[in-house]
Amino acid sequence: MIDTLAGRLDEAAVSRTAVAQFGADAGLDVATAYAVQEALVARRLDRGETVVGLKLGLTSRAKMAQMGVDEVIWGRLTDAMHVPDGGTVSLSERIHPKVEPEVAFLVEGGAIVAVAPAIELIDSRYLDFRFTLPEVIADNTSASGFVVGPWRPVPDGVDNLGVLLEVDGRVAQVGSTAAILGDPRRALPEAARLAGELRDGWVLLAGAATAAVPLTPGAHVRVTVEHIGTASLRASA
């Protein structure tokens with residue numbers, strides 16, 4: 001079942017065709033969902049991609065309450081998902097993408113050595129962007145792409161910094177890093193606990209600071225994190 005479900009999700013991503021939710025029919029639980037995720041990402045690695053980091057999801061208390069869980073979830077980032085700061089994302093390569101503002105950490109020696117503003121591009125492979133908790137875990141937590149702005153030393157007090165998500169120069173979302181586990185630095189021990197040791201040079205996306213916004217053709221997206229900097233991307237059809 002694990003390989004079958006992984007294949008279904010992989011084909012959905014490659015063909016850019018959403019699939020029906022299957023968690024109920026498959027009796028999917030969280031442990032099995034992570035096994036599906038591992039098999040799903042393994043298919044990408046077989047095609048030549050490399051894991052370059054991890055991402056956390058459901059890091060806000062509101063989202064935990066909405067999903068009826070009390071623990072964050074995690075997924076894997078590959079080099080093929082990386083979008084250069086200011087780069088262009090092709091929407092034709094995705095199903096129904098959304099963007100959300102993030103804080104990224106650079107990990108060395110098991111510690112955070114730098115921080116950067118980031119944008120995560122999420123793109124559920126399920127119809128209507130709807131899923132259960134095990135389904136989104138199996139789908140590698142909807143991971144599709146990520147932008148990391150300039151790295152800088154971690155400033156004192158990153159637990160309540162303002163976050164701004166702008167689309168075409170207009171404010172789309174306003175939030176705070178406090179929405180990320182109360183303090184985004186808590187993402188490191190959470191990631192280590194959930195996923196094991198993080199490798200040197202890996203990127204860790206700590207979690208979204210606001211709700212996600214749909215990405216449309218021609219859009220210019222910019223994220224600003226107070227005292228940390230900005231990151232941006234453009235969307236092509």
Side-chain angles (χ1 to χ4, degrees), residues 12-14 16 18 41 44 49-57 59-60 63 74-107 114-125 129 136 139-152 158 161-177 179-180 184 187 201-237:
V14 171
R16 301 177 295 282
V41 175
R44 301 183 69 120
E49 297 180 32
T50 301
V51 175
V52 295
L54 300 177
K55 55 160 290 189
L56 296 186
T59 50
S60 77
K63 285 190 176 181
W74 65 280
R76 297 163 168 90
L77 303 173
T78 74
D79 56 345
M81 297 178 189
H82 179 250
V83 178
D85 187 18
T88 300
V89 171
S90 173
L91 300 192
S92 66
E93 298 176 358
R94 292 167 172 85
I95 302 170
H96 35 207
K98 300 181 181 182
V99 288
E100 51 190 24
E102 297 249 356
V103 172
F105 292 118
L106 182 62
V107 179
V115 63
I119 302 171
E120 188 184 3
L121 183 64
I122 57 175
D123 186 28
S124 174
R125 269 56 71 165
F129 224 107
V136 70
D139 191 29
N140 196 26
T141 63
S142 303
S144 181
F146 67 99
V147 176
V148 176
W151 294 109
R152 57 157 294 163
V158 298
L161 301 178
V163 177
L164 190 66
L165 173 62
E166 296 173 281
V167 179
D168 295 330
R170 295 185 294 271
V171 175
Q173 293 284 339
V174 177
S176 167
T177 57
I180 306 170
W202 271 12
V203 173
L204 174 60
L205 295 184
T210 74
V213 173
L215 187 60
T216 56
H220 176 256
V221 177
R222 184 172 68 172
V223 165
T224 302
V225 182
E226 184 183 12
H227 301 316
I228 293 179
T230 64
S232 67
L233 65 78
R234 292 185 180 275
S236 65

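The chain is numbered in sequence order, starting from 1.
- Residues Gln173 and Ala211 approach most closely at CG-O, 3.7 Å, considering heavy atoms.
- How far CG of Leu54 is from CG of Leu77: 6.5 Å, rounded to the nearest 0.5 Å.
- Across Trp151 and Ala104, no two heavy atoms sit closer than the pair CZ3-O, 3.5 Å.
- The nearest pair of heavy atoms linking Leu91 to Thr216 is CD1-C, 3.4 Å.
- In this structure, His220 contributes its side chain and Gly169 its backbone to no donor-acceptor pair below 3.5 Å.
- Between the OG1 atom in Thr78 and the CZ atom in Phe146 there is a gap of 7.5 Å [rounded to 0.5 Å].
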Quick one: side chains of residues 223-236, donor-acceptor pairs under 3.5 Å with protein atoms, not counting sequence neighbours, listed by atom name and distance.
unit_1: Glu226; atom_1: OE1; unit_2: Gly162; atom_2: N; d: 2.8
unit_1: Ser236; atom_1: OG; unit_2: Val89; atom_2: O; d: 3.4

Take Ser142 and Val136 through the test side chain to side chain contact (heavy atoms under 4.5 Å, CB included) and record every step on the way to the result. CA-CA 6 Å; Ser142 303; Val136 70; 3.6 Å; yes

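- Annotation: side chain of Pro101 is not in contact with side chain of Leu164 (no heavy-atom distance under 4.5 Å).
- The CG atom of Leu204 sits 9.5 Å away from the CD atom of Glu102 when rounded to the nearest 0.5 Å.
- Side-chain atoms of Asp79 do not come within 3.5 Å of backbone N or O of Val52 as any donor-acceptor pair.
- Residues passing the salt bridge (Lys or Arg N to Asp or Glu O under 4.0 Å) test with Arg44, sequence neighbours excluded: Glu49.
- Between Asp123 and Arg125 the shortest side-chain heavy-atom distance falls below 4.5 Å.
- Between Pro150 and Asp85, the shortest heavy-atom distance links the atoms CD-OD2, 3.8 Å.
- No more than 12 heavy atoms of other residues, nucleotides or ligands lie within 6.0 Å of CZ in Arg222, so this atom counts as exposed by the packing criterion.
- Under the 4.5 Å side-chain criterion, counting only non-hydrogen atoms from C-beta, His82 is not in contact with Val203.
- No donor-acceptor pair under 3.5 Å is formed between the side chain of Glu166 and the backbone N or O of Val171.
- For the pair His96 and Pro214, the minimum side-chain heavy-atom distance is 4.5 Å or more.
- Counting only heavy atoms from C-beta outward, the side chains of Val158 and Val103 never approach each other to under 4.5 Å.
- With hydrogens and angles disregarded, no donor-acceptor distance shorter than 3.5 Å links the side chain of Lys98 to the backbone of Phe129.
- Expressed to the nearest 0.5 Å, how far CD1 of Ile180 lies from OG1 of Thr210 amounts to 9.5 Å.
- Not one N or O on the side chain of Arg76 forms a donor-acceptor pair closer than 3.5 Å with the backbone of Asn140.
- Separation of atoms CG (Leu56) and OG1 (Thr141) is listed at 9.0 Å; rounding is to 0.5 Å.
- When all heavy atoms are compared, the tightest approach of Ala172 to Val213 is CB-CG2, 4.1 Å.
- Contact detail for Val167 and Ala219: the closest heavy-atom pair is CG1-CB, 4.1 Å.
- Separating the NZ atom in Lys55 from the CD1 atom in Ile122 is a distance of 6.5 Å, to the nearest 0.5 Å.
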